[in-house]
There are 2 protein chains.
Amino acid sequence: MTEHSMPLPTYDDVAAAAQRLSGVAHHTPVMRCTAIDEQLGAKLFFKCENLQRTGAFKFRGAYNALAQFTDAQREGGVLTFSAGNHAQAIALSARLLDMPALIVMPEDAATSKMAATRDYGAQVVTYNRHTEDREAISRQLARERGMTLVPPFDHPHVIAGQGTAALELLQEVPDLDYLFVCLGGGGLLAGSLLAAQALAPQCKVIGVEPATANDAQQSLRAGHIVTIDHPQTIADGAQTQSLGVLTYPIIRDHVEDIITVSDEQLIQALRVFAGRMKITVEPTGALAFAGVQAFSGEDTGAKLLHGERVGVIVSGGNVDLARYSRFLAD
Amino acid sequence: MTEHSMPLPTYDDVAAAAQRLSGVAHHTPVMRCTAIDEQLGAKLFFKCENLQRTGAFKFRGAYNALAQFTDAQREGGVLTFSAGNHAQAIALSARLLDMPALIVMPEDAATSKMAATRDYGAQVVTYNRHTEDREAISRQLARERGMTLVPPFDHPHVIAGQGTAALELLQEVPDLDYLFVCLGGGGLLAGSLLAAQALAPQCKVIGVEPATANDAQQSLRAGHIVTIDHPQTIADGAQTQSLGVLTYPIIRDHVEDIITVSDEQLIQALRVFAGRMKITVEPTGALAFAGVQAFSGEDTGAKLLHGERVGVIVSGGNVDLARYSRFLAD
């Protein structure tokens, strides 16, 4: 089965992923904050995937994909390319399922992320991201070593796994009016849409991406996948250049809208998480909440979410402390 | 009933407090961290009171005290002195129980804490902490205005309320070998001891205080209450000068030991909380975990907690972000 012949995942795949992840992934808490609710005049439900294993929702998709490997695939092991949370998610999943893992990372990736990936037992191969093509390198290595490539988002098992975060949230809080979800490649958003379609068809799902990396918003408006070459934003998890061939049609057909926020709005959201809610959130993880604040028209007094019940997926909490401390400083 | 004639609280008071707080205080989560467990060779259970209402365990004791006011006391309202978490705890409890609250705070208290206290609807009166005696001011104001004084720790209802955090932890994880609890005035530790005595008599309870503010450790060794005039530590919640007449005998009779940690150890613990566990913890809130690390002999390889099940109370998460960011920076 090649990537392009893969079928679109469905809600049944999300439900099956939830079974596979039961007792393996954390059932993360849904947090509330009275002060924020009062400020926005809405009821917000924060699904805290920053408290997920490896510090991000990515563990769900990675484990769901690896758990479906054949015996031959397990023996060969898994390979992926990622400078971020998907790397650690694949590394831990491979360790739990007792198979080799090889991660292709840019040579200038954060040393802490490389170290964390190696700590989970994966082998790391580096490349120069200015002169080399990581996908070509990955495909070649996979062929040479007999490993199976699991890409960061454009894979039906990955999408289905990511959808289990929204599934858990909607099982706990079924009557949401809105659900805000961040997006880079769109795996989390596509999976969330599958879950919401089945469990809460009344719930409007809004995607949120950085203003400077709004390729998905542009794709939605243009009616085809739009690419942005080198998006600059502090939300490093949303710096992907385009949606995938699987995530795009799901998002196009089911999302209510895609909105954008600025880096400054992300920093303000990080500060609310740290100071009010007492949780560490990475910039990408703050996209959905920053989107809620922007959408609500809080600044203009419009309060468009007044009286509504709003789900917010906090996607991750992996951020170098030195960098994080600069965001929190005045 | 004057302060000195008050009876010592018992476990029954803690159990009654838990009933009173049910549905009012958050039942805070117990968090785990695989990486920390592997490092220490122990199983740690973190009771996250930084996620409690008002950001600290103090809400438990304050609400438990105010909920037992007579009708006449409710009409007169509550008064306290505090520059920290007890102020916000009293302010919110008074608002929930619909009574006036007056908080005596030093005029150089953090503006954010004064603002938070006023946001909960309390009146703030300031004093000069270099030239004036806050307890004398408080007693005089209480007399003049017909208000009831609820001090920060040396009150049976406050102690009983604080004990409900350990009660919840021990109901969820009954077979703890150790429980580490921070202390300033000793309200949380005394309440925790009452809970542990009844629910887990096998569990050794260890108090942890800053090395420069080790009045309780000295008191335990001396056999009487020792006072330290102006203890200097970043753990501002543990800068109290001495134990109270109620907290001291409970601690003396039941605690296994009291150990100390340095400010540098607290900062290292804050960084683990932020980076690994993704939660904001204030310096005082990190005392217990820093105590676990020191006690375990991790640095020396002694690993004294090897194979043990260890409860850790994370007492609060209220810290100015500018200050917090400096702790996290390299």
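Being a predicted model, the structure only gives us computed values, none of them experimental. Proteins get letters first, then strands, A, B, ... in listed order; numbering begins at 1 in each.
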Colleague: Please determine whether the number of non-hydrogen atoms from other residues, nucleotides or ligands lying under 6.0 Å from atom CG of Asp175(B) exceeds 12.
Modeller: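 Enclosed: over 12 neighbouring heavy atoms sit under 6.0 Å from CG of Asp175(B).
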
Colleague: Under 4.5 Å heavy-atom distance to chain B, tell me which part of Glu38(A) shows up: side chain, backbone, both or neither.
Modeller: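 Just its side chain gets close to chain B.
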
Colleague: Rounded to the nearest 0.5 Å, how far does CG of Asn50(A) lie from CE of Met277(B)?
Modeller: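 Met277(B) CE to Asn50(A) CG: 11.5 Å, rounded to 0.5 Å.
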
Colleague: Side chain, backbone, both or neither: which part of Asn318(A) has a non-hydrogen atom closer than 4.5 Å to chain B?
Modeller: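 The answer is both parts of Asn318(A).
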
Colleague: Is it true that atom CZ of Arg276(B) has more than 12 heavy atoms of other residues, nucleotides or ligands lying nearer than 6.0 Å?
Modeller: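 It does not: Arg276(B) CZ has 12 such atoms or fewer within range.
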
Colleague: Which bit of Met31(A) comes within less than 4.5 Å of chain B, counting heavy atoms only: side chain, backbone, both or neither?
Modeller: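 Met31(A) touches chain B through side-chain heavy atoms alone.
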
Colleague: With respect to chain B, which residue among Ile279(A), Thr34(A), Val281(A) yields the maximal number of heavy-atom pairs within a distance under 4.5 Å?
Modeller: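 Counting heavy-atom pairs under 4.5 Å, the top option is Ile279(A).
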
Colleague: Looking only at atom types and distance, does a side-chain atom of Lys278(B) sit under 3.5 Å from a main-chain N or O of Leu51(A), one as donor and one as acceptor?
Modeller: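 Not at all, since once roles are kept as given, no pair shorter than 3.5 Å links the two residues.
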
Colleague: Donor-acceptor pair, Thr280(A) side chain versus Gly275(B) backbone, under 3.5 Å?
Modeller: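 Here the side-chain-to-backbone pair does not exist.
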
Colleague: Using a 4.5 angstrom heavy-atom cutoff, name the option from Ala322(B), Gly317(B), Ala116(B) with the most pairs to chain A.
Modeller: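 Looking at each of Ala322(B), Gly317(B), Ala116(B) in turn, Gly317(B) comes out on top.
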
Colleague: Could you check whether any side-chain N or O of Ser325(B) sits under 3.5 Å from a backbone N or O of Arg326(A), counting only pairs where one atom can act as donor and the other as acceptor?
Modeller: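 Not at all, since once roles are kept as given, no pair shorter than 3.5 Å links the two residues.
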
